[in-house]
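Worksheet: one structure, shown below.
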2 protein chains.
Amino acid sequence: MTRAPYHHGNLREALVEAGVEVVRDGGPEALSLRELARRVGVSHAAAYRHFADREALVDAVAERAMHALLAVVHDRLAQVDEVDPVIRARRRLVQIGVGYVDFALTEPGLFRLLFTAYPEPPEGKDPDGEDPYSMLNAALDELVAVGYLDPRDRPGADVTCWSAVHGFSVLNVEGPLRGMAEPDRDAALTGLLLGIDRGLGRRGEWPALSR
Amino acid sequence: MTRAPYHHGNLREALVEAGVEVVRDGGPEALSLRELARRVGVSHAAAYRHFADREALVDAVAERAMHALLAVVHDRLAQVDEVDPVIRARRRLVQIGVGYVDFALTEPGLFRLLFTAYPEPPEGKDPDGEDPYSMLNAALDELVAVGYLDPRDRPGADVTCWSAVHGFSVLNVEGPLRGMAEPDRDAALTGLLLGIDRGLGRRGEWPALSR
DNA sequence: GGCAGAATGTGACCGCTGTCAACATCGTCT
DNA sequence: AGACGATGTTGACAGCGGTCACATTCTGCC
């Protein structure tokens with residue numbers, strides 16, 4: 001029978017996975033080097049063979065969280081089967097927002113970690129070329145291409161959209177709006193997203209989106 | 001000559017003030033019970049005569065931060081001297097946003113503390129009747145009263161506005177958008193606020209705000 | 001096959017933190 | 001005067017991140 005070997009074999013990976021688990025229920029503040037080492041069944045100093053410091057470990061876990069967020073947004077985006085190019089582009093933008101908020105609400109711990117990993121923000125640095133911010137920008141470019149968004153309004157539109165959706169998420173996850181009843185929250189989110197959609201369109205030239 | 005007396009005399013107050021100072025340059029994570037006791041020149045356990053635990057102290061400091069935010073927003077609001085009722089109402093809404101973001105950028109430590117004081121959010125619970133959220137709601141009601149905002153769009157408008165402005169603040173203070181050049185940031189904020197203004201108005205019935 | 005050296009894990013230690021309990025001092029009320 | 005409650009002190013504890021010297025195991029080279 002094989003007793004616990006001296007060398008773990010895959011410690012780095014195991015630590016990060018444990019980290020994801022811990023952050024999931026407990027949030028970023030529950031992420032302790034020693035706690036993870038304990039879970040993995042290894043001495044706390046062993047972690048330092050794989051991470052320079054706690055921060056590095058947090059970053060690694062944040063990267064996982066980032067990919068999870070990406071997956072959710074990507075999935076929502078793929079569900080848009082509208083054919084009319086204008087409606088399609090608008091729907092895609094809305095779905096990015098829905099996915100983003102959905103991730104924040106269903107994985108509050110991971111979401112909070114994403115924006116707590118302080119020194120270097122994980123957002124928008126994914127070398128795979130695909131990250132939420134790029135997807136947002138692509139969606140906005142598409143809106144310009146199909147003629148819905150005035151090119152003069154294009155600069156800054158990304159920040160506006162991101163701010164609104166991110167703010168909504170934060171306020172609902174860790175802010176004063178948490179504890180909001182789900183129907184109210186859904187209604188508020190719909191209002192927010194349709195408000196953005198309306199705010200982006202050339203003034204009054206387009207019919208409202210039905211949701 | 002009076003040597004340091006055994007009893008401080010005003011410890012609670014002194015601790016909170018030191019707390020504000022510490023959070024100002026150092027953020028919420030620099031807020032340590034022992035550090036504050038050291039600053040005030042008192043033993044580390046003395047704080048427990050005035051605060052149940054660290055959390056209580058943080059809440060007290062957060063309350064100060066809340067009042068500071070309030071003051072900034074209030075000030076901005078008072079600067080609107082427009083007479084045309086519609087323009088005035090729209091300008092007032094914009095100024096709430098400007099003040100909110102201004103506070104976040106000039107006092108990032110205090111701002112972050114406000115939304116880090118986890119268990120009980122300080123926002124919207126001020127018994128003085130005046131808090132940023134109430135002011136926002138009043139401004140929106142005014143927009144309805146003057147006929148700019150469709151009453152059917154009123155529900156949810158508060159959350160939308162707050163989300164956008166708060167999200168912008170968070171992304172710029174502790175998120176991926178920090179380090180943005182100031183002119184770009186200003187432009188983005190203007191775009192955001194005018195976008196909100198536009199999104200709220202009955203479709204295409206009103207001319208754009210000049211800023 | 002065997003051995004040197006690199007990788008990896010351990011245990012002891014440091015200073016920091018929040019928290020608590022026992023004790024000291026002071027102001028105040030009877 | 002004396003007692004009592006409020007306030008501050010001292011010393012302890014456990015948990016944290018971080019570093020060190022040391023132990024163990026794996027790997028590549030002869």
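A, B, ... follow the sequence lines: proteins, then strands. Residue 1 opens every chain. Values reported hereafter were calculated over all heavy atoms of this structure, with side chains retained and with hydrogens, waters and symmetry mates removed.
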Note to self: What's the separation between atom CE in B:Met135 and atom CG in B:Leu140, rounded to the nearest 0.5 Å?
What the structure shows: 12.5 Å
Next item on the list: Name the closest nucleotide to the A:Arg34 side chain, picking from C:dC20, C:dT10, D:dG18.
Entry: D:dG18
Item checked: Interatomic distance, B:Asn10 CG vs D:dT7 P [rounded to whole Å] -> 11 Å
Checklist line | For atom CZ of B:Arg49 and atom P of C:dT25, their distance in whole Å | finding: 15 Å
Check: OP1 or OP2 of C:dG9 less than 4.0 angstrom from a side-chain nitrogen or oxygen of A:Ser43, does that happen here?
Finding: no
Notebook entry, point to check: Does B:Ser32 put a side-chain nitrogen or oxygen below 4.0 Å from OP1 or OP2 of C:dC16?
Noted result: no
Next item on the list: Give a yes/no answer on whether the side chain of B:Arg38 brings an N or O atom under 4.0 Å of OP1 or OP2 in C:dT17.
Entry: yes
Notebook entry, point to check: Out of D:dG8, D:dG18, D:dG11, which has the shortest distance to the side chain of A:Asp53?
Noted result: D:dG18
Margin query: Regarding B:Ser134 and B:Asn137, do their side chains bring together a donor and an acceptor under 3.5 Å, going by distance alone?
Written below: no
Next item on the list: Please state how far atom CZ in B:Arg12 lies from atom P in D:dA6, giving the value in whole angstrom units.
Entry: 15 Å
Notebook entry, point to check: B:Ala46 has a side chain; which of D:dA12, D:dT9, D:dT19 sits nearest to it?
Noted result: D:dT9
Check: Given atom CG of B:Leu57 and atom P of C:dT19, what is their separation to the nearest angstrom?
Finding: 10 Å
Check: What class does the angle between the rings of A:Phe115 and A:Tyr100 fall in, given that below 30° is parallel, 30 to 60° is tilted and above 60° is perpendicular?
Finding: tilted
Check: To the nearest angstrom, how far is B:Glu29 atom CD from C:dT17 atom C1'?
Finding: 15 Å
Notebook entry, point to check: Applying the side-chain contact (heavy atoms from CB on, under 4.5 Å) test to A:Phe111, which of A:Val170, A:Val101, A:Val23 qualifies?
Noted result: A:Val170
Item checked: Full working for side chain to side chain contact (heavy atoms under 4.5 Å, CB included) between B:Phe168 and B:Asn172 -> CA-CA 6 Å; B:Phe168 186 87; B:Asn172 276 281; 3.4 Å; yes
Check: Between B:Leu33 (CG) and C:dT17 (P), how many Å, whole number?
Finding: 10 Å
Checklist line | Euclidean distance, atom CD of residue B:Glu55 to atom C1' of C:dT19 [Å, nearest integer] | finding: 15 Å
Margin query: With a 4.0 Å cut-off on N to O distance, would you call B:Glu35 and B:Arg38 a salt bridge?
Written below: yes
Note to self: Is A:His50 close enough to C:dA7 that one of its side-chain N or O atoms is under 4.0 Å from OP1 or OP2 there?
What the structure shows: no
Item checked: Pair B:Arg91 + B:Asp197, salt bridge at N-O below 4.0 Å -> no
Notebook entry, point to check: Between atom CZ in A:Phe51 and atom P in D:dG17, what is the gap in whole Å?
Noted result: 13 Å
Checklist line | Nucleotide of D:dC16, C:dT10, C:dC20 approaching B:His44 most closely (side-chain heavy atoms) | finding: C:dC20
Next item on the list: Describe the nucleic acid contact of A:Arg54 in one word from base, sugar-phosphate, nothing, applying a heavy-atom distance below 4.0 Å.
Entry: sugar-phosphate
Checklist line | Axis deviation across the helix from C:dG1-D:dC30 to C:dT30-D:dA1, five-pair ends, to the nearest 10° | finding: 10°
